[in-house]
Amino acid sequence: MSESKKKENFFEDVYAVVRLIPEGRVTSYGAIASYLGAKGSARMVGWALIASHPATQIPAHRVVNRVGMLTGKQHFDEPNAMQQRLEAEGVRVENEQVMDFDKLFWDPTKELL
DNA sequence: CCAGTGACGGCTA
DNA sequence: TTAGCCGCCACTG
């Protein structure tokens, strides 16, 4: 197998996990990275989401950083879309920040396993 | 080829 | 406790 294909596998893997995030739930880049074995490389997860933006339809708005902050909202079609969608799913967002992030947090290494 | 940046996270002061 | 720095990996200039 080609090594270049491996990089795509990582991207596909990220998309798969993000798509598995239940509605009204959120997760962090580090959690996904850890689940994929790229522990410590949470930035790569974020980079994967950018590459997947319009090409791959995934609930990227359910992915936030470890403090529950909508750091990637600026990369959406409209910065308001991220918070808008989260609230539409029942996730309360205050000042670009997810409320009850601890309760809504969905850990793939624990929930998905 | 080298340096800077970035949807992050963890550690140290 | 809060604030700041470094580390990981890939891409752009």
Side-chain angles (χ1 to χ4, degrees):
Chain A
M1 295 307 194
S2 310
E3 300 85 52
S4 359
K5 215 76 199 257
K6 278 193 153 186
K7 185 173 63 180
E8 291 188 8
N9 282 339
F10 178 77
F11 276 51
E12 287 290 316
D13 213 355
V14 174
Y15 307 150
V17 176
V18 175
R19 280 187 246 221
L20 290 169
I21 302 174
E23 201 172 281
R25 290 286 179 93
V26 289
T27 189
S28 61
Y29 307 96
I32 298 171
S34 181
Y35 176 73
L36 300 180
K39 189 176 59 175
S41 303
R43 283 187 165 146
M44 301 299 91
V45 178
W47 203 257
L49 294 180
I50 296 175
S52 85
H53 205 277
T56 315
Q57 288 294 323
I58 60 175
H61 58 271
R62 293 178 190 155
V63 186
V64 295
N65 66 358
R66 71 107 181 158
V67 296
M69 192 182 229
L70 283 58
T71 48
K73 68 166 196 168
Q74 190 67 72
H75 290 266
F76 277 72
D77 257 354
E78 289 192 25
N80 306 51
M82 193 170 187
Q83 180 171 335
Q84 196 76 69
R85 281 193 167 186
L86 286 170
E87 292 189 312
E89 296 183 358
V91 179
R92 295 180 293 279
V93 181
E94 187 73 32
N95 193 22
E96 306 177 29
Q97 195 176 295
V98 178
M99 305 276 87
D100 302 307
F101 176 69
D102 177 31
K103 291 198 313 181
L104 301 172
F105 185 64
W106 181 81
D107 193 339
T109 56
K110 294 180 178 181
E111 306 296 316
L112 180 62
L113 189 56

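These numbers were taken from a predicted model, which means no experiment stands behind them. Note on naming: letters A, B, ... go to the chains in the order of the sequence lines (proteins, then strands), and numbering restarts at 1 for each one.
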[X] [atom1] - [N] [atom2] separation (whole Å):
| X | N | atom1 | atom2 | value |
| --- | --- | --- | --- | --- |
| A:Asn65 | B:dG6 | CG | P | 16 Å |
| A:Phe76 | B:dA7 | CZ | P | 13 Å |
| A:Met44 | C:dA10 | CE | P | 6 Å |
| A:His75 | C:dC11 | NE2 | C1' | 13 Å |
| A:Ile21 | B:dA7 | CD1 | C1' | 13 Å |
| A:Arg66 | C:dG7 | CZ | P | 19 Å |
| A:Ile50 | B:dT5 | CD1 | C1' | 11 Å |
| A:Phe10 | C:dC9 | CZ | C1' | 9 Å |

Note to self: Between the side chains of A:Arg25 and A:Glu111, is the shortest nitrogen-to-carboxylate-oxygen separation below 4.0 Å, so that they form an ion pair?
What the structure shows: no

Note to self: Under 4.0 Å, heavy atoms only, any strand: does A:Ala60 hit a base, just the sugar-phosphate, or nothing?
What the structure shows: base

Check: Stepwise, does the side chain to side chain contact (heavy atoms under 4.5 Å, CB included) test hold for A:Arg19 with A:Thr56?
Finding: CA-CA 10 Å; A:Arg19 280 187 246 221; A:Thr56 315; 3.4 Å; yes

Notebook entry, point to check: Are any of the side-chain heavy atoms of A:Leu70 and A:Val98 separated by less than 4.5 Å?
Noted result: yes

Next item on the list: Determine, step by step, whether A:Ser52 and A:Val14 satisfy the side chain to side chain contact (heavy atoms under 4.5 Å, CB included) criterion, reporting the C-alpha distance in whole Å, the side-chain angles of both residues, the deciding distance to 0.1 Å, and the verdict.
Entry: CA-CA 10 Å; A:Ser52 85; A:Val14 174; over 6 Å; no

Next item on the list: Please measure how far the C1' atom in B:dA7 lies from the corresponding atom in C:dA3, and state the result in whole Å.
Entry: 22 Å

Checklist line | Spacing of the P atoms in C:dC8 and B:dC1 (rounded, Å) | finding: 22 Å

